[in-house]
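The structure appears right after this line, and notes come after that.
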Amino acid sequence: MAEFTQQLQESMLPHIRGLDIYEGVEPVEVMAERAGIPPEKIIRLNGNENPYGPSPAVAKALSEFPNFNHYPDPEQRQLRQALSGYVGVDPERIIAGNGSDELIDMLFRMFIGPGDNIINLTPTFGMYSLGAEICGGQAVSVPRDTDFEIDLESVKLAITPRTKAIVVCSPNNPTGNMPTEAEVRALLDTGILVIVDEAYYEFSGQTLMPLLDEYANLVVLRTFSKWAGLAGLRIGLGAMHPDLARTMMSVKPPYNVNLAAETALIASLEDMPALLERVNAIVSERERMYGLLSAIPTVKPYPSRANFILCQLPEGSGRQVFEGLCNRGIFLRYWNNPRLKDCVRTSVGFPGENDAVAAALAELTIPLSLEGEG
Ligand SMILES: *Cc1c(COP(=O)(O)O)cnc(C)c1O
């Protein structure tokens with residue numbers, strides 16, 4: 001193999017050379033192999049995916065779509081129209097993205113350069129800090145309080161002349177709680193761009209979309225990955241001031257949302273009632289699972305408005321419990337960071353899967369507390 005020379009290495013931007021790789025969710029086959037368990041026995045609850053999968057209308061629409069040889073419409077006319085009906089704001093305010101991850105990336109590239117920063121309300125979704133760092137900027141972390149509520153005073157103190165955006169995840173991944181409207185208004189009143197990531201809106205039923213009329217500095221993000229089960233097809237949307245949307249259209253790769261994703265989206269919107277019934281089933285199951293987890297003396301689940309539950313485990317046990325779960329073929333989300341080192345996040349799956357998670361957490365953590373007593 002030819003050598004990747006020092007000269008090539010050094011011609012790469014320094015802030016890019018130093019980046020960490022985002023730990024995404026791994027394919028089932030990889031997880032199965034690691035646990036030595038057949039793939040069909042794996043319980044995969046680490047990506048907040050929809051256990052029901054997409055609407056059956058999606059496979060049908062994809063199989064019947066005649067024009068995959070064509071490029072998508074770079075102006076996203078049909079797509080923006082359809083999304084406009086779904087979110088209830090004008091099409092000129094909307095841009096569709098290759099997942100909402102792409103919209104975060106585009107927004108940051110529009111606002112953040114070397115030396116700039118965003119305010120990140122940690123713990124929160126990892127793509128915000130990564131996105132800022134890719135632009136050569138920094139994510140200034142303003143930690144949430146013990147109940148993961150936003151510390152508004154500290155946010156205001158953290159703002160500098162180089163602060164370009166405040167990112168608010170609502171409900172917050174991975175903690176599951178939501179900011180109040182008053183809190184987000186206080187952030188908007190700073191005049192800085194406020195990005196409200198509503199990836200889990202359908203599970204919470206609460207949106208700040210109506211504030212778009214009042215605040216030109218508000219961007220609301222949504223995705224079809226979670227509630228509509230389209231994570232693998234990659235489609236999300238941003239709603240914002242029309243002037244910002246117009247500029248963003250010029251930053252957007254012309255064919256960013258592929259025709260399969262667009263076709264799947266339109267089919268999903270036509271099947272909304274059935275999809276929302278599944279959302280309701282997931283929400284009921286979340287409450288049942290919260291009850292199961294609360295009943296385990298060594299586990300403290302945090303109340304959640306999304307399709308996942310963050311669980312506090314006995315002190316010092318986080319990694320060990322996470323690995324014990326992996327060995328049983330149960331994959332949850334774990335973070336190697338000080339605030340979350342004794343937590344795991346479980347997505348809400350099918351009832352049988354959720355029962356298995358609760359049983360395994362009890363088996364793995366109760367002996368630890370007995371050890372402590374002995
Ligand atoms: C899953 C998730 C996303 C990513 O959504 P995509 O549309 O799949 O890119 C964005 N924000 C949060 C908070 C998420 O949890």
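Atoms within each ligand, like the ligands themselves, are counted from 1 in listed order.
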Do any nitrogen or oxygen atoms of D197 lie less than 3.5 angstrom from nitrogen or oxygen atoms of ligand 1? yes

Tell me which protein heavy atom sits closest to atom 5 (O) of ligand 1, plus the residue, atom name and distance to 0.1 Å. S100 OG, 3.1 Å

Go through the steps for R328 and E363 under the test salt bridge (Lys or Arg N to Asp or Glu O under 4.0 Å), then give the verdict. CA-CA 11 Å; R328 293 165 190 232; E363 275 178 44; 2.7 Å; yes

Is the distance between the ring centroids of W227 and Y86 less than 6.0 Å? yes

May I ask whether G236 places a heavy atom under 4.0 Å from ligand 1? no

Under-4.0 Å heavy-atom contact with ligand 1, by part of C169 that carries it: side chain

Should the proximity of R234 to ligand 1, defined as any heavy atom under 4.0 Å, be assigned to the side chain, the backbone, both, or neither? side chain

Given side chains that start at C-beta, do those of D342 and Q312 come closer than 4.5 Å, heavy atoms only? yes

Between F203 and Y200, what is the ring plane arrangement, given parallel below 30°, perpendicular above 60°, and tilted in between? tilted

Can you list everything that forms a side chain to side chain contact (heavy atoms under 4.5 Å, CB included) with P38? Sequence neighbours excluded, please. E40, K41

Heavy-atom distance under 4.5 Å between the side chains of V219 and V194, does that happen here? no

In terms of the angle between their ring planes, are Y302 and F148 parallel, tilted or perpendicular, with boundaries placed at 30° and 60°? perpendicular

Which of the atoms in ligand 1, numbered in the order shown and given with their element, are less than 4.0 Å from a heavy-atom of G99? 6 (P), 7 (O), 9 (O)

Give the numbers and elements of all ligand 1 atoms closer than 4.0 Å to a heavy atom of S225. 6 (P), 7 (O), 8 (O)

Just to confirm my output: which protein heavy-atom neighbour is closest to atom 14 (C) of ligand 1, and how far is it? K226 NZ, 3.1 Å

Which bit of D101 is near ligand 1, meaning a heavy atom under 4.0 Å away: side chain, backbone, both or neither? both

Answer side chain, backbone, both or neither: which part of Y200 comes under 4.0 Å from ligand 1, heavy atoms only. side chain

Is Y128 touching ligand 1 with its side chain, its backbone, both, or neither, if touching means heavy atoms under 4.0 Å apart? side chain

Any idea which heavy atoms bring N48 and N307 closest together, and the distance? O-ND2, 3.0 Å

